[in-house]
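To find a chain, count down the sequence lines: A is the first, B the second, and so on, and within it residues start at 1.
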Amino acid sequence: MAKHHVSTTINGEPVEYLCEPQQTMLDVLRDELNLTGSKEGCSSGDCGACTIICDGKIVCSCLMLGVEAEGRTITTIEGVAQGEKLHPVQQKFLEHAALQCGFCTPGLIVAAKALLDENLNPTEEETRYWLAGNLCRCTGYDKIIRAVLDAAAVMRGEAR
Amino acid sequence: MAADGGFKVVGTRPIRPDGVDKVTGRANFGADMQMPGMLWGKIKRSPHAHARIVSINTDKAMALPGVRAVVTRADFPDVPKERAFIGAAPHNLRDLSRNCMAAGKVLYEGHAVAAVAATTPAIAEQALDLIEVAYEVLPHVMDVEAAMASDAPVLHDDIFTAGIEPKPDKPSNIAKLVRFAKGDVEAGFAEADLVIERRYTTKPVHQAYIEPHACLVSVAPDGQTTIWSSSQGQFMVRAYTSRICGADIANIRAIPAEIGGGFGGKTIIYLEPVAYMLSKKSGRPVKIVMSREDVFRATGPTSGAVVEVKLGAKRDGRVSAIRTVLKYQSGAFPGSPVQQGCICALAVYDWPTAETVGYDVLCNRPKVAAYRAPGAPIGSFAVESCMDEMARELKIDPLKLREINGARDGTKATHGPTWVNIGYQKTLEAARAHAHLRAPLGPNQGRGIASGYWHNAGGESSAACHVNEDGTVTVTEGHPDIGGSRASMAIMVAETLGVPFETVRPVVGDTTAIGFSASTGGSRVTFAGGMAVTRSAEKVIEELKKRAAVTWDISPEAVEWRDGKAYPAGANAGSFEPLSLADIAARAARTGGPISAEVQINAQGQGPGFATHICDVEVDRETGHVKILRYTAIQDVGRAIHPSYVEGQMQGGVAQGVGWALSEEYIYDQDGRLENPGFLDYRVPVASDMPMIDTVIVEVPNPRHPFGARGCGEVPIVPPMAAVANAIEDAIGIRLRDLPMSPPKVLAALDAEAPAPLRAAAE
C-alpha cells in the first residue's frame with residue numbers, strides 16, 4: 001500500500017513525513033519522527049498518556065490518524081518547554097513531586113497546559129474534570145492537581 | 001546526627017534528579033528504544049480458558065513476506081521445577097517458562113502459544129492470524145470455591161496439595177495449605193461475650209500500571225545479549241531470561257529502562273524470553289510491546305478471594321479469639337499471596353488466641369503477580385471490616401476498639417515475631433488527634449476507620465560511590481527508580497558526605513555496571529538500597545580522610561570529616577586548612593588515585609509498617625454511587641527521607657485502594673473470556689473521582705537503618721477497602737462485604753434493605 005505524504009507543523013517547526021494510511025498519529029510521532037515523549041498506555045483513548053494539542057484542542061494521538069495531521073499545528077510534550085525554560089506546569093510538577101513513575105506525566109502536562117491556555121483561573125473541580133481523561137496510577141492525583149493550580153497562579157502573576 | 005533528626009538533607013524536598021527528563025518527554029521507558037535492523041515481535045494468545053494444544057502450524061505465517069522468525073514452545077528448552085528467590089517473591093522457573101509460552105495446554109484466555117517477528121508491526125499482526133492452532137477445549141474453572149470442589153476440572157495433574165501430611169494421592173487445584181495459630185482458639189471463643197461470623201469476597205484487580213510491558217532484545221551470533229526492558233529489577237530480568245532460554249548470565253546485559261509503574265506486577269517477566277528466542281532465530285534485535293488488552297488478559301492481576309472471619313470479644317471490647325480462612329485465586333500456576341494475607345491481616349492486633357488457614361487455589365485465570373503489599377489488602381479488608389462490625393455490635397467507637405486491641409511493643413504476632421519499635425499505637429494517637437475525626441457529616445454521609453500492616457523488606461543490594469575529579473559525586477545503585485528513589489539515594493549520600501544534594505548524581509546501573517541487587521519491591525529500596533548507598537559513602541569518607549592525612553602527612557586517625565570537609569581532629573593533629581571534597585578530588589592522583597567505594601550488603605532489620613486511615617463517603621441513594629468526600633492517611637514510615645515522595649506513596653496507595661473498593665474488577669463470561677480488558681470498562685480512579693488526600697507522616701525510627709527508614713510504599717493500599725466499607729455502613733446502615741462496592745451492588749443493597757413505605761416513596 002502506498003504511503004501518504006503529510007505536511008504539518010509540530011512544535012513550531014514544519015515537518016514532512018510519509019505514513020501508512022492506518023498508522024496513528026501516535027505511531028507516527030513515536031516510530032517515524034522519534035518523538036517518544038508521547039506514550040502509549042491503551043491505544044483506545046482511555047488513558048491520555050498520548051495527549052497532544054492539535055489546532056488548540058487536546059486529542060489522544062492514538063485516536064488520530066497520521067494523515068489527519070496534514071496542514072495542522074501540533075504541540076507534543078517535546079514542545080512544551082521553550083528552549084531551556086520549562087513551562088510553569090512542568091516546573092510545578094517538579095516542585096510538587098507530582099510525578100512518581102513519570103509515564104503519564106507527558107500527557108498530563110500537555111493536557112494541563114491546554115487547560116491553562118484556555119482558562120488561567122480554573123477551580124479544583126474544573127481541573128479534576130479536565131484531567132479526568134488522563135490516568136495516573138501512582139500519585140492519587142493530589143499533587144498533580146496542586147501543581148496545576150499552582151502553575152495557574154504563577155501564570156496569573158500571583159505566585160512564583 | 002541526632003537520633004531524633006537534626007539532619008541537613010534528610011527530610012528536605014529537593015527536585016528529583018530525573019525530574020526534568022520526565023516532565024519534558026526525554027525519559028526513555030520500555031517501548032522508547034530502537035536498534036538498527038530491529039524487528040517487531042507479536043504474541044499469539046489462546047482464545048480458550050483451558051484447552052489442550054493439539055497442533056500448531058506456522059508455515060503460512062513464515063511464508064508471509066516480512067516475517068523473519070516464528071517461535072513456539074518447541075523452541076524453548078525444558079526447565080526443571082525449581083524455585084528461585086529473585087525479585088519480590090520466589091518463583092518456580094518451570095511455571096514461569098510455561099507462563100511465557102504454553103506447553104501442551106493453555107491454562108487461561110490470553111496464554112501465549114506462539115510469537116512472530118516481522119519487519120513492521122502490521123506484518124507481525126497479520127502473521128499472527130496465519131498461525132494455525134488446533135485446540136481440544138477442556139472444562140474450565142474460574143473461582144476458588146468451585147476450583148476447590150472435588151469434581152472440579154484439574155489444571156495440573158502433577159500438583160498435589162502442599163502443607164498436608166500425608167501427601168495426598170490425588171492431584172488438586174489446592175496447590176498449598178498454610179496454617180498459623182496462637183493459643184487455644186476454641187477456649188478463646190468460649191471466653192467471648194459475643195462471637196460474630198462473616199464472609200467477605202473480593203475480585204481480582206490489576207496493578208494497572210499505565211506503561212504496558214515492553215522489551216527490546218538483541219542476541220548476537222556469539223550469544224552476547226542486550227536486553228532493554230522496563231521491569232522492577234534488571235537482575236531479575238537477567239536471571240529469569242538466562243534460565244528460561246538456557247543462556248549464560250555473563251552473556252546477558254540487562255539495561256533497566258525507566259519503568260512506567262509496576263506495583264509488583266513487573267517483578268516477573270513475560271516478554272523477554274520470547275523476544276530472546278525470536279532474536280536468536282532471526283539474528284536481528286526484536287522489540288515486543290504489549291497492548292493494553294494483552295496486559296489485562298495475560299499479566300497480573302492479584303487474587304480474587306473468599307475470606308471467612310469468626311471473631312470473639314468481651315463486652316469491654318477486648319478481643320478473645322479470631323479464626324480466619326482465606327481462599328485466594330493463584331491463577332494458572334501456584335503462588336497466590338495467601339500466606340502474606342494470613343499474616344498481615346492479623347498483624348495489627350494483639351490476639352490472645354488466633355488461628356488462620358489459607359488456601360492457594362489454581363483456576364483458569366492469568367497467574368497472579370505481586371500487587372503492592374501482596375495478599376495483605378484482601379485479608380485485611382475482611383478483618384478490618386469485621387472489627388468494625390464488632391465495634392458496632394458492642395457499641396464501642398471503632399477507633400477505641402483498635403486502641404484497646406492494637407499491637408504494641410512486646411506483642412507477640414500470630415506468625416511468630418514479638419514486635420519491637422513499632423508505631424501502630426502512634427498512628428492511632430495521630431488519628432485520635434486529627435480534626436478529620438470531629439468534622440461534621442451530612443445526610444447519607446459516613447466515616448470509616450481501618451488499619452493496615454506490611455512487613456517492608458531488606459535483602460541484597462549493591463551500591464557504588466564515586467568521587468569525580470571536580471568533587472561532585474556519582475552514586476550507582478541497582479534498583480529501578482519507580483517513584484523517586486534516585487532522590488532518596490542522593491539525599492542519603494549527600495547527608496552522609498555533608499555535601500549539597502545537587503552535587504550528588506544518582507544512576508541506576510545496568511547489570512554490568514553494578515553488583516547484584518534484588519528487585520525494587522517489598523518497600524525495600526529506601527531501606528536496603530539506602531543502607532547500601534550510605535555505607536558506600538561512609539567508605540568513601542574513610543578514604544577521603546586517608547587522602548587528607550597523606551596531604552598533611554599526619555595519621556588518618558588524626559583526621560575527622562564533617563560538613564563535607566576534612567579537618568585535623570584537634571590541636572594535637574596539627575594546624576591545617578580544611579580540605580573540601582573538591583580539594584581532595586583535585587589531588588587524588590597524587591594521593592593514591594581515584595576515590596570510589598562499592599559495597600554489597602544483604603540488609604537485615606527492616607521495620608514493620610503500620611497505617612491507620614480515616615475515610616468519609618457520601619452515598620447517592622438514587623444511583624448507588626459512592627463518593628469519597630475526605631480521606632486522611634496516617635502511617636509510620638520510620639523516617640521520611642524525601643517527605644513529598646512519601647506522601648505521594650501514601651496518596652497513590654489510597655487511590656488504588658479506593659479503586660479496589662469501589663470500581664475495579666475482572667469480569668469474565670461463562671467461557672472464561674475476559675469481558676473488560678481495557679480502561680473504559682476496567683475502571684481505575686480518575687482525577688474527578690478523588691478528593692485531596694491528607695497525609696500524616698508518623699516517624700518512629702527504625703534503629704537498623706542509618707536514618708531510621710522503614711519503607712512506605714505498600715502499607716497505604718492495605719486499609720482503604722475496609723475504610724470505605726466501614727464508612728458506607730456509617731452512612732446508610734448497610735454492611736457491604738463483596739468488592740467492588742460498585743453502584744449496582746450498593747443500589748441493590750439499598751433496595752433490599754429499604755422499608756416498604758420508603759421504597760414506595762422512592763418509586
Quick one: which of A/L35, A/D27, A/D46, A/L86 has the most heavy-atom pairs under 4.5 Å with chain B, could you say?
A/D46
Please report the interatomic distance [atom1]([X]) to [atom2]([Y]), rounded to the nearest 0.5 Å.
X	Y	atom1	atom2	result
A/N34	B/Q34	CG	CD	5.5 Å
A/T139	B/M650	OG1	CE	14.5 Å
B/S485	A/Q100	OG	CD	11.0 Å
A/D31	B/K287	CG	NZ	6.0 Å

Using salt bridge (charged side-chain N to carboxylate O under 4.0 Å, His left out), reason through B/D32 and A/K39 one step at a time and then give a plain yes or no.
CA-CA 9 Å; B/D32 294 342; A/K39 304 301 179 193; 2.4 Å; yes
Region of [X] in contact with chain A, defined by heavy-atom distances below 4.5 Å:
X	value
B/D21	neither
B/A31	both
B/P480	neither
B/A487	neither
B/Q656	both
B/L680	both
B/F263	side chain
B/V20	both

Minimum heavy-atom separation for [X] and [Y], please, with both atom names.
X	Y	result
B/Y645	A/A97	CZ-CB, 3.4 Å
B/S644	A/K143	O-CE, 3.1 Å
B/R16	A/L99	NH1-O, 2.9 Å

Mind checking whether [X] and [Y] have side chains closer than 4.5 Å, heavy atoms only?
X	Y	value
B/T24	A/E78	no
B/E211	A/E40	no
B/M692	A/E124	yes

For [X], is it the side chain, the backbone, both or neither that has a heavy atom under 4.5 Å from a heavy atom of chain B?
X	result
A/Y141	side chain
A/Q23	neither
A/S44	neither

Has the side chain of A/D142 got a donor or acceptor atom that lies under 3.5 Å from a matching backbone atom of B/I693?
yes
Are the side chain of A/Q90 and the backbone of B/V23 linked by a donor-acceptor contact shorter than 3.5 Å?
yes
Based on non-hydrogen pairs under 4.5 Å, which of [options] is most in contact with chain A?
options	answer
B/S688, B/G260, B/P121	B/S688
B/G484, B/P691, B/A122, B/S291	B/P691
B/G659, B/G678, B/A208, B/G19	B/A208

What residues of residues 104-114 of chain A sit under 4.5 Å from chain B when only non-hydrogen atoms are counted?
A/T105, A/P106, A/I109
Which residues in residues 125-137 of chain A have any heavy atom closer than 4.5 Å to a heavy atom of chain B?
A/R128, A/Y129, A/L131, A/A132, A/L135, A/R137
Only one of A/C101, A/C138, A/C47 clears side-chain contact (heavy atoms from CB on, under 4.5 Å) with B/I210; which?
A/C47
